[in-house]
Amino acid sequence: MDHTPSQLIHAARLVMVDLVLNSKTMWLCASCETCTTRCPQDVDVAKVMDAVKTTMLRRGLKPAVPRIASFYKAVLGNIKRCGRMYEVGMIIDLKLRTREFLKDVDLGMKMFCKGKLKLLPSFKGAWTSWKIFHRARKIEKQYQDLRH
């Protein structure tokens, strides 16, 4: 990380937009919520980091760590489609985004041989997942309509 989470939150409060948007910190955040738990001001730091990432991606801004942004998009898209993590689908999506087709292929084969990767997705929870994403889009649209 180029800045600590607290430094990034402070920069956001000071409207230091360039520093926040060009920081690697939010992309390297593991969303473990340790900083959120320890924050003396009760700021949900992990949620702020996620909100900044989402805003950047929606505005088409270039992330400071493109490979992690690609992973983020691949995982979220996978959950939207399948309702839960389907590793093979996520890996295919990620490889198409990063163009790193042969990277980690040996590890993937080992995982497949040990039964850790399923060829077909399970769509358990897909309908519930779709409803959650649909509801979130509806709320976001209402919020945007209020702002204009």
Side-chain angles (χ1 to χ4, degrees), residues 1-112 116-118 121-123 125-126 128-144 146-148:
M1 291 186 177
D2 49 1
H3 304 287
T4 64
S6 60
Q7 288 173 330
L8 202 64
I9 295 295
H10 190 62
R13 290 181 61 220
L14 294 174
V15 195
M16 299 172 77
V17 177
D18 285 342
L19 187 142
V20 173
L21 296 181
N22 294 314
S23 175
K24 295 178 182 178
T25 300
M26 70 189 124
W27 297 105
L28 298 173
C29 171
S31 299
C32 68
E33 300 196 14
T34 301
C35 51
T36 298
T37 304
R38 294 180 179 170
C39 180
Q41 300 297 320
D42 290 327
V43 174
D44 192 337
V45 180
K47 195 176 281 186
V48 171
M49 300 274 190
D50 199 41
V52 174
K53 284 189 280 194
T54 302
T55 301
M56 284 186 68
L57 293 174
R58 285 191 181 148
R59 291 185 179 177
L61 300 174
K62 187 178 183 222
V65 188
R67 290 175 67 207
I68 294 175
S70 295
F71 179 77
Y72 181 80
K73 289 177 189 177
V75 168
L76 193 57
N78 183 273
I79 293 171
K80 281 181 184 178
R81 284 186 299 277
C82 299
R84 56 179 32 195
M85 182 54 68
Y86 168 50
E87 289 85 359
V88 172
M90 189 276 300
I91 291 167
I92 290 168
D93 189 0
L94 182 61
K95 296 301 179 185
L96 290 171
R97 290 176 186 278
T98 61
R99 305 282 186 230
E100 296 175 341
F101 300 110
L102 299 177
K103 186 176 182 189
D104 301 324
V105 75
D106 55 333
L107 177 62
M109 289 307 296
K110 285 179 189 175
M111 290 177 69
F112 179 74
K116 302 293 182 186
L117 297 175
K118 307 271 188 275
S122 167
F123 290 101
T128 303
S129 175
W130 182 86
K131 288 191 304 187
I132 291 168
F133 282 104
H134 178 72
R135 193 175 329 136
R137 275 193 303 273
K138 192 174 177 181
I139 291 168
E140 287 172 349
K141 183 165 179 9
Q142 289 172 345
Y143 177 73
Q144 286 176 345
L146 288 174
R147 290 182 66 202
H148 292 106

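When reading the values below, keep in mind they use all heavy atoms of this one structure, side chains included, and skip hydrogens, waters and symmetry mates.
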Apply side-chain contact (heavy atoms from CB on, under 4.5 Å) to the pair I79 and F133, showing each step before the final yes or no. CA-CA 10 Å; I79 293 171; F133 282 104; 4.2 Å; yes
Taking side chain to side chain contact (heavy atoms under 4.5 Å, CB included) as the test, write out the residues that go with L57, two or more places apart. W27, A69, Y72, K73
Keeping to residues at least two apart or across chains, list the salt bridge (charged side-chain N to carboxylate O under 4.0 Å, His left out) pairs with something in residues 30-47. D44-K47
Should we count NZ of K24 as having more than 12 external heavy atoms under 6.0 Å? no
Other residues, nucleotides, ligands: >12 heavy atoms within 6.0 Å of Y143 OH: no
For T98 and S70, the nearest pair of non-hydrogen atoms, with its separation, is CG2-CB, 3.8 Å
Under the side chain to side chain donor-acceptor pair (under 3.5 Å) test, residues paired with T55 that sit two or more places apart: none
For F112, does the CZ atom have more than 12 heavy-atom neighbours from other residues, nucleotides or ligands under 6.0 Å away? no
Pair listing, salt bridge (charged side-chain N to carboxylate O under 4.0 Å, His left out) test, anchored in residues 98-112, at least two apart: R67-E100
Which residues satisfy the side chain to side chain contact (heavy atoms under 4.5 Å, CB included) test with H3, sequence neighbours excluded? Q7, L19, S23, T25
Whether the side chain of N22 engages the backbone of D18 through a donor-acceptor N/O pair (distance < 3.5 Å, no angle test) should be reported. yes
Sorted by first residue and then second, give each salt bridge (charged side-chain N to carboxylate O under 4.0 Å, His left out) pair with at least one member in residues 79-91; sequence neighbours left out. R81-D93
Please enumerate all residues that pass side chain to side chain contact (heavy atoms under 4.5 Å, CB included) together with T128, with sequence neighbours excluded. I132
Inter- and intrachain pairs under salt bridge (charged side-chain N to carboxylate O under 4.0 Å, His left out), touching residues 50-66, at least two apart: R58-E140
For K138, which residues count as a salt bridge (charged side-chain N to carboxylate O under 4.0 Å, His left out) partner, sequence neighbours excluded? none
How far apart are the closest heavy atoms of V20 and A12, and which atoms are they? CG2-N, 3.7 Å
By side chain to side chain contact (heavy atoms under 4.5 Å, CB included), T37 pairs with (sequence neighbours left out) none
CD1 (I91) and CZ (F71) are apart, to the nearest 0.5 Å, by 9.5 Å
Of the non-hydrogen atoms in C82 and P121, which two are nearest, and what is the gap between them? SG-CB, 4.0 Å
Over 12 foreign heavy atoms within 6.0 Å of CE, M85: yes
Would you say that V65 contacts P63 through its side chain, given a criterion of any heavy-atom pair below 4.5 Å between the two side chains? no
Between T36 and A46, which heavy-atom pair has the shortest distance, and what is it? OG1-N, 3.1 Å
Find out whether K118 and V88 are in side-chain contact, i.e. whether some heavy atom of one side chain is under 4.5 Å from a heavy atom of the other. no
Approximate separation, where rounding is to 0.5 Å, of I139 CD1 and Q144 CD: 12.5 Å
I need the minimum non-hydrogen distance between L28 and I68, along with the two atoms involved. CD2-CD1, 3.2 Å
Sequence neighbours excluded, the answer for ring-ring contact (aromatic ring centres under 6.0 Å, His included) partners of H134 is W130
For the residue pair M49 and S31, establish whether any side-chain heavy-atom pair is separated by less than 4.5 Å. no
Side chains of H10 and M16: closer than 4.5 Å at any heavy-atom pair? no
